[in-house]
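A short write-up of the structure that comes next.
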Number of protein chains: 2
Amino acid sequence: MVSPLETRLSQHLPLTFAERDALQWLERREQRFIAGKVIVREGEAYENLHIVASGWLHGSIRLHDGSRQILRFYFVGDLTTAFSIAWRHSAATLTAVSACTLYEMPRAALGRLFRDHPRLGALLYAVSASEHVATADRLASIGRTAGMYRVATFLLDIRSRLLVVDGLAGATFELPLTQQDLGDAVGLTKAHVNRSLKSLEATGLLEREGKIIRIKDVDALTKLVGFKDRHGHVAIDWLPPSANFGDIDHNETTVA
Amino acid sequence: MVSPLETRLSQHLPLTFAERDALQWLERREQRFIAGKVIVREGEAYENLHIVASGWLHGSIRLHDGSRQILRFYFVGDLTTAFSIAWRHSAATLTAVSACTLYEMPRAALGRLFRDHPRLGALLYAVSASEHVATADRLASIGRTAGMYRVATFLLDIRSRLLVVDGLAGATFELPLTQQDLGDAVGLTKAHVNRSLKSLEATGLLEREGKIIRIKDVDALTKLVGFKDRHGHVAIDWLPPSANFGDIDHNETTVA
DNA sequence: CGTGAGATTGATAGCGTTCAACTGTGGTGG
DNA sequence: CCACCACAGTTGAACGCTATCAATCTCACG
């Protein structure tokens, strides 16, 4: 009965009972998808947002010339393609990378969450902000650096997020992507992704075995490519107090 | 006495008196800056967010190798580098492009806004989402398209935002940027920016006179480069009702 | 008229794409 | 159990876009 979104948000902030209850209400409609399934298609009207309960997904947009840009990968506890909330039609395509389980949540439920739990609304704003900055980092990386660096930055970023999500200690993880997918994420062709991976291996900082990636010296690689980790924490000092009914809160947190 | 942020948000949604009042409270500390001034520096602790009252600014980040990526330009009514809210230290450098006037607003004031006016919080979330998607579009553009297309997309994007902000009817506008700046925004060197502009002029779809840009056929150029306008509207159907005190609202909106 | 910043243009080199071929591997049907 | 197939990964060769470096030009300004 662990709520993924609650777990995620709790990493930033101790939540009140009422807040946790509200989050769990968002996670009642469970759906499962097989690997490769397109869940929401760019440009189509959509009714629901999705919270990831398990599995990998990605959000992508398609360009004029038919090529695809993968914007972000989503893991347990992520609110997928949340940026689409600004429109009735989805801004991106949501695709299951692996088999996954999602909770479906009506758009209006997010509005109610802002109303009933402003502090959670503000926290979601901050989380969304951190994702925006991660996108911005990738923008800079793609615009200005050579292929090998883009790939390394990408791998460090995924590793960093998996750490937060899975609590995996190590620098070894499985990357269930084709090199084509990887290329669509970092803006390279699959051929050059392959060469970039080879170059990385040649530095001795990275090893591969099939889909398994092992970063042999995370610090050295981080320094080499100038990677900035944006996922550790979000600032909460600016958030409003947990409610208009502070007394009830106090009771409930102690109960919890 | 026109409040820029209020004006901006009113474009999406009729605001109540209380909401408008709250927004105006954020705009009491006015500051002026000359062109070129660095207002917030990446990585430094910061206390305040800024609302643009007049002028152009941009937010940028610096890469490992010293090069600069401009993430976004800011105009009247924009909440600048709002994504930094997720950290105590600014995620980006905020620089005045032209002389400008800003309102300074403590970070915690944003938190109070979420608490006291949840609907505004949700609306800010949506606006932030639309900016995130704009960043994502640029990411795709930079990763996958040739220089001429990137520049054209950038110009169409700026034009589109100026339309919203200034209500300018035409396809002619002043671009107070050096070609170096433009290159830092679209991921090209200044030399290649120049060649890309020349190529665009050669198509007959664009004219330049100094800093003045005239797009001769917006629709044709939009179609040519596959530009998607993300600035027109944000969806508000998911927002919560305007307050817990519906009756007061009703009075106040009619009074207004 | 000198000065300096930005714009423009040219020559060259390199990175990444494109296209194509080949290899390895896991799954499937006979 | 094996032949076959599809798909991903790998590698090579040639091309083209963009960076780099440098020189020149333009223009506003003191």
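To find a chain, count down the sequence lines: A is the first, B the second, and so on, and within it residues start at 1.
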**Item:** Full working for side-chain hydrogen bond (donor to acceptor under 3.5 Å, both in side chains) between A/D219 and A/T222
**Value:** CA-CA 5 Å; A/D219 291 342; A/T222 297; 5.2 Å; no
**Asked** Going 5' to 3' along nucleotides 21-27 of chain C, which nucleotides have protein heavy atoms under 4.0 Å from the base (write B), which only from the sugar-phosphate (write S), and which from neither (write -)?
**Response** -------
**Request:** Round to a whole Å and report the spacing from OH of A/Y149 to C1' of D/dA19.
**Result:** 16 Å
**Prompt:** How far does the helix from C/dC1-D/dG30 to C/dG30-D/dC1 bend, going by the axes of its first and last five pairs, to the nearest 10°?
**Reply:** 30°
**Fill in**
To the nearest angstrom, the CD1-C1' distance between A/I213 and D/dG9 comes to 13 Å
**Pair A/R138 + A/D157: basic N to acidic O under 4.0 Å** = no
**Message:** Return a single string for nucleotides 5-17 of chain C, one symbol per nucleotide in 5' to 3' order, where B is base contact, S is sugar-phosphate-only contact and - is none, cutoff 4.0 angstrom on heavy atoms.
**Reply:** --SSBBB----BB
**Request:** State the CG-CG distance between A/L156 and A/L221, to the nearest 0.5 angstrom.
**Result:** 4.5 Å
**Ion pair A/E131/A/R72, N-O distance below 4.0 Å** = yes
**Interface with DNA chain C, restricted to residues 58-75 of chain A and to heavy atoms under 4.0 Å** = none
**Request:** Using whole Å, report how far CD of B/E209 lies from P of D/dC27.
**Result:** 12 Å
**Request:** Please confirm whether the backbone N or O of A/T81 pairs with a side-chain atom of A/Y74, one donor and one acceptor, at under 3.5 Å?
**Result:** yes
**salt bridge (Lys or Arg N to Asp or Glu O under 4.0 Å) partners of A/K190, counting only residues at least two apart** = none
**Message:** Is it the case that the side chain of B/T80 and the backbone of B/H50 share a donor-acceptor pair, with hydrogens and angles ignored and the cut-off at 3.5 Å?
**Reply:** yes
**Item:** Salt-bridge criterion met for A/R159 and A/D229 (N-O under 4.0 Å)
**Value:** no
**Request:** Output the distance between atom CE (B/M148) and atom CZ (B/R150), rounded to the nearest 0.5 Å.
**Result:** 12.5 Å
**Item:** Chi angles and distances behind the side-chain hydrogen bond (donor to acceptor under 3.5 Å, both in side chains) call for B/T101, B/S54
**Value:** CA-CA 5 Å; B/T101 309; B/S54 72; 3.2 Å; yes
**Asked** Would one find more than 12 heavy atoms of other residues, nucleotides or ligands at under 6.0 Å from atom CZ of A/F227?
**Response** yes
**Sequence-distant partners of A/E30, salt bridge (Lys or Arg N to Asp or Glu O under 4.0 Å), two or more places apart** = A/R32
**Item:** Check ion pair B/D137-B/R230 (N to O, under 4.0 angstrom)
**Value:** yes
